[in-house]
Amino acid sequence: MRTTIPLLLLLLLCGGCFFRSTPETKYYDLAPERIGEGAGTYPVVLHEFRNLSGAGTRLLFRRGIQVTFDPAAKWILPPEQLLPRALGDAIPPQSKPYRVEGTIERFETDTETRRFLLAGTFSVNGAPTQRFTFREILHGEPSPAIVADAASRAANELAGVILTSLRAKP
């Protein structure tokens with residue numbers, strides 16, 4: 001008993017040597033650029049997209065069939081909220097109201113091809129859905145900041161396609 005207590009204290013004091021500390025989580029956001037000037041006063045209403053991609057707030061990396069997540073990097077919101085928010089920042093107000101809904105099927109980084117992949121569908125005012133797929137090149141090693149930059153460029157590409165679709169509506 002006399003040796004048990006000092007051994008337990010020694011074990012508790014040395015416990016910090018055996019366990020690594022958890023790295024601080026860094027949060028990333030999409031930062032698309034505004035596309036042109038607004039033609040009106042109606043902001044485009046972007047509903048939350050359905051997320052079928054399997055991606056959540058953690059950054060998803062795929063290599064073939066292997067999927068990994070970065071434990072120290074997260075999106076500021078899940079993709080189903082993050083993408084419409086970014087699109088709302090990129091698409092200028094229009095001359096009449098529009099409602100955009102969509103589905104996200106892929107929201108991930110392919111480490112083999114070194115590209116960020118954004119794919120899914122969208123619909124304007126309940127019209128038939130349109131498919132989209134964007135593969136943005138990673139400009140550097142696949143780090144979270146590089147991935148966020150590529151994802152922002154993909155969101156910008158999608159905003160351009162949606163804007164083109166809005167302008168084609170009668």
Side-chain angles (χ1 to χ4, degrees), residues 14-36 38 43-93 98-124 129-166:
C14 292
C17 300
F18 297 111
F19 302 106
R20 311 187 291 199
S21 62
T22 306
E24 183 180 333
T25 302
K26 292 187 180 178
Y27 291 90
Y28 295 88
D29 197 0
L30 297 179
E33 297 175 13
R34 183 71 140 190
I35 301 174
V44 175
V45 177
L46 292 139
H47 290 271
E48 185 173 296
F49 279 39
R50 288 183 50 218
N51 185 5
L52 305 178
S53 71
T57 55
R58 295 186 304 168
L59 277 68
L60 188 150
F61 296 88
R62 183 181 301 274
R63 183 175 191 90
I65 60 170
Q66 180 184 5
V67 174
T68 58
F69 297 94
D70 188 330
K74 290 185 174 186
W75 295 109
I76 198 162
L77 294 168
E80 63 270 20
Q81 296 171 6
L82 186 68
L83 187 59
R85 182 173 154 270
L87 293 172
D89 291 343
I91 299 172
Y98 291 103
R99 184 184 78 251
V100 178
E101 300 170 318
T103 301
I104 302 168
E105 296 169 359
R106 303 287 292 273
F107 193 85
E108 63 195 40
T109 302
D110 184 335
T111 56
E112 282 183 332
T113 62
R114 296 175 59 123
R115 294 177 187 270
F116 180 82
L117 178 59
L118 173 61
T121 61
F122 74 92
S123 172
V124 177
T129 59
Q130 298 179 49
R131 288 203 139 293
F132 62 86
T133 301
F134 302 104
R135 291 177 177 87
E136 292 295 324
I137 295 172
L138 301 178
H139 298 300
E141 289 299 314
S143 69
I146 298 289
V147 168
D149 176 62
S152 295
R153 286 185 276 119
N156 242 86
E157 293 289 329
L158 178 56
V161 170
I162 291 172
L163 188 58
T164 300
S165 180
L166 296 179

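Positions are given from 1 along the sequence.
Listed for the R114 side chain is a donor-acceptor partner under 3.5 Å among the backbone atoms of G140. Panel note: side chain R99, backbone L46; no donor-acceptor pair is recorded below 3.5 Å. When atom types are taken as modelled, the side chain of S165 and the backbone of V161 share no donor-acceptor pair closer than 3.5 angstrom.
Shortest non-hydrogen contact noted between I104 and P79 is CD1-O, 3.4 Å. Closest approach of P92 and V44 over heavy atoms only: O-CG2, 4.2 Å. Across all non-hydrogen atoms, the minimal contact from G160 to I35 is N-CD1, 3.4 Å. Closest approach of E80 to N51, counting heavy atoms only: OE1-ND2, 2.9 Å. The minimum heavy-atom distance between T25 and P71, with the atom names listed, is OG1-O, 4.2 Å. The heavy-atom pair separating E101 from F49 by the smallest distance is C-CE1, 4.3 Å.
In this structure, R63 CZ and T113 OG1 are separated by 10.0 Å, a value rounded to the nearest 0.5 Å. Interatomic distance, OH of Y28 versus NZ of K74, reported as 13.0 Å (0.5 Å rounding). Atom CG of D89 sits about 12.0 Å away from atom CD of E33, to the nearest 0.5 Å. Note that OH of Y27 is 9.0 Å distant from CD1 of I76, once rounded to the nearest 0.5 Å. For the atom pair R106 CZ and L60 CG, the distance stands at 9.0 Å (nearest 0.5 Å). Note: T103 OG1 to L52 CG = 5.5 Å, rounded to the nearest 0.5 Å.
A 4.5 Å side-chain heavy-atom check between S143 and D70 finds every atom pair outside the cut-off. For the pair D29/W75, no side-chain contact is recorded, criterion being any heavy-atom separation below 4.5 Å from C-beta on. Using a 4.5 Å heavy-atom threshold, the side chains of K26 and P144 count as separate. By the 4.5 Å heavy-atom criterion applied to side chains, F122 and L158 are counted as neighbours. In this structure, T109 and L59 have side chains that are not in contact, with every pair of non-hydrogen atoms separated by 4.5 Å or more. At least one side-chain heavy atom of I162 sits under 4.5 Å from a side-chain heavy atom of L87. In this structure, the side chains of L83 and L118 come closer than 4.5 Å at one or more pairs of heavy atoms. Between H47 and P84, the closest side-chain pair of non-hydrogen atoms is not below 4.5 Å.
In this structure, F107 and F116 have perpendicular ring planes: the angle between them is above 60°, well past the 30° mark.
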>> One pair to check against salt bridge (Lys or Arg N to Asp or Glu O under 4.0 Å): D149 and R153. What are the steps and the verdict?
In response: CA-CA 6 Å; D149 176 62; R153 286 185 276 119; 3.3 Å; yes

>> Before you tell me yes or no, could you show the steps for I91 and V100 under side-chain contact (heavy atoms from CB on, under 4.5 Å), namely the whole-Å CA-CA distance, both residues' side-chain angles and the distance that decides it to 0.1 Å?
In response: CA-CA 11 Å; I91 299 172; V100 178; 5.9 Å; no

> Between R131 and E105, is a side-chain contact (heavy atoms from CB on, under 4.5 Å) present by the stated rule, with each step listed?
Replying inline: CA-CA 10 Å; R131 288 203 139 293; E105 296 169 359; 3.2 Å; yes

> Where do R135 and D110 land on the salt bridge (Lys or Arg N to Asp or Glu O under 4.0 Å) test, with the steps shown first?
Replying inline: CA-CA 9 Å; R135 291 177 177 87; D110 184 335; over 6 Å; no

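Counted within 6.0 Å of CZ on R62, heavy atoms from surrounding residues, nucleotides or ligands total more than 12; the atom is thus considered enclosed.
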